[in-house]
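These notes concern the structure reproduced below.
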Amino acid sequence: MAPGTVIEASTPRGKIRIHAGENFKRTYTAEGMEKTFRLNPRHKRWYGSLGLLRPTGDGSVHAVLGEEQQNFGTTEEFAAWLARQKLWHRPRWTSDGLMVDWDIKTRPEDGYQAWIVNVRQIYIAGRKPVRLPGASDEDVRFTGARSAATPHHHLPPARKIRGRKFTSRALDLMSHHGITEEMVLKTIASAPGETKGKFRYYAGRDAVPAIDCYVCVNAAGTVLFAVP
């Protein structure tokens, strides 16, 4: 978000307003409360993304705040990532890929709060999408300078390995996290799989011996992502 820009989002959690100030300052307004924090640039990629992060609060509240780009080769890769995200988050996004999810959690014993806010720009095949599936443009409003038309980081080409197709995002994540092709193939071969919707997941921790790898494939067996 460039200084002066504003995002107003309505998600299943409720409404939030995010205002971008100078030097990575962000003001968050939700549930009648307002908090301002300074975010810090990420110096290393985290599960495929760069961007900004605030992993701590200010003493009065805990905060986990982020802004990032997420880059996918296809909408199917995006859908597989989103299915996993929905285990913890309930985001809303626009047709051109601006995504917001947030929550405020309160500790029952003393009322201490944790603010969690994520702003993401989704890219498909090296560009901002035009009709990203599942979009609800009326739920995410943006005022100010738009994000870049292309991502900062570009994915490698998809390819086949021992007869199995690996997507560009899978290969990118594997390279970043030090996951080898052999680890992925062994995880699929030896870990029990679990089908959820259109995708099948293999947790290497359940293999014998355990493998530090978590893999998602589609119905054709194409590897959509592999992470620790």
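When reading the values below, keep in mind they use all heavy atoms of this one structure, side chains included, and skip hydrogens, waters and symmetry mates. In this text, all values refer to a predicted model and were calculated from it rather than measured experimentally.
Applying the side-chain hydrogen bond (donor to acceptor under 3.5 Å, both in side chains) test to H62 and every residue at least two apart in sequence or in another chain returns nothing. Residues satisfying the salt bridge (charged side-chain N to carboxylate O under 4.0 Å, His left out) criterion with R205, sequence neighbours excluded, are absent altogether. The salt bridge (charged side-chain N to carboxylate O under 4.0 Å, His left out) test applied to R159 returns E181, not counting sequence neighbours. Partners of K186 by salt bridge (charged side-chain N to carboxylate O under 4.0 Å, His left out), not counting sequence neighbours: none found. When the salt bridge (charged side-chain N to carboxylate O under 4.0 Å, His left out) test is applied to E67, the partners found at least two apart in sequence or on another chain are R26.
The residues E22 and R38 are annotated as not salt-bridged, no charged nitrogen and carboxylate oxygen being separated by less than 4.0 angstrom. A salt bridge does not link R169 to E77: none of the charged side-chain nitrogens sits closer than 4.0 Å to a carboxylate oxygen.
The salt bridge (Lys or Arg N to Asp or Glu O under 4.0 Å) pairs that include a residue from residues 132-155 are R92-D139, D96-R146, where partners are two or more places apart or lie in different chains. Pairs of residues two or more places apart, or lying in two chains, that qualify as side chain to side chain donor-acceptor pair (under 3.5 Å) and include a residue from residues 187-198 are T195-R200. Listed by first and then second residue, the salt bridge (Lys or Arg N to Asp or Glu O under 4.0 Å) pairs that reach into residues 216-228 come to none, sequence neighbours excluded. The salt bridge (Lys or Arg N to Asp or Glu O under 4.0 Å) analysis of residues 1-14, with sequence neighbours excluded, yields the pairs E8-R17, R13-E31, R13-D103.
Clustering of Ile, Leu, Val, Met, Phe, Trp and Tyr by side-chain heavy atoms under 4.5 Å joins L155 with none of the others. Summarising the hydrophobic clusters (Ile, Leu, Val, Met, Phe, Trp, Tyr; side-chain heavy atoms under 4.5 Å, direct or chained), the residues clustered with V217 are I161, F166, L171, M174, I179, M183, V184, L185, I188, Y202, I211, V215, V223. Hydrophobic cluster membership for I16: M1, I7, I18, F24, Y28, M33, F37, L39, L52, V61, L65, L98, V100, W102, I104, W115, V117, V119, V140, F142 (Ile, Leu, Val, Met, Phe, Trp, Tyr linked by side-chain heavy atoms under 4.5 Å, directly or transitively).
Using cut-offs of 30° and 60° for the angle between ring planes, the F225 and Y214 rings count as parallel.
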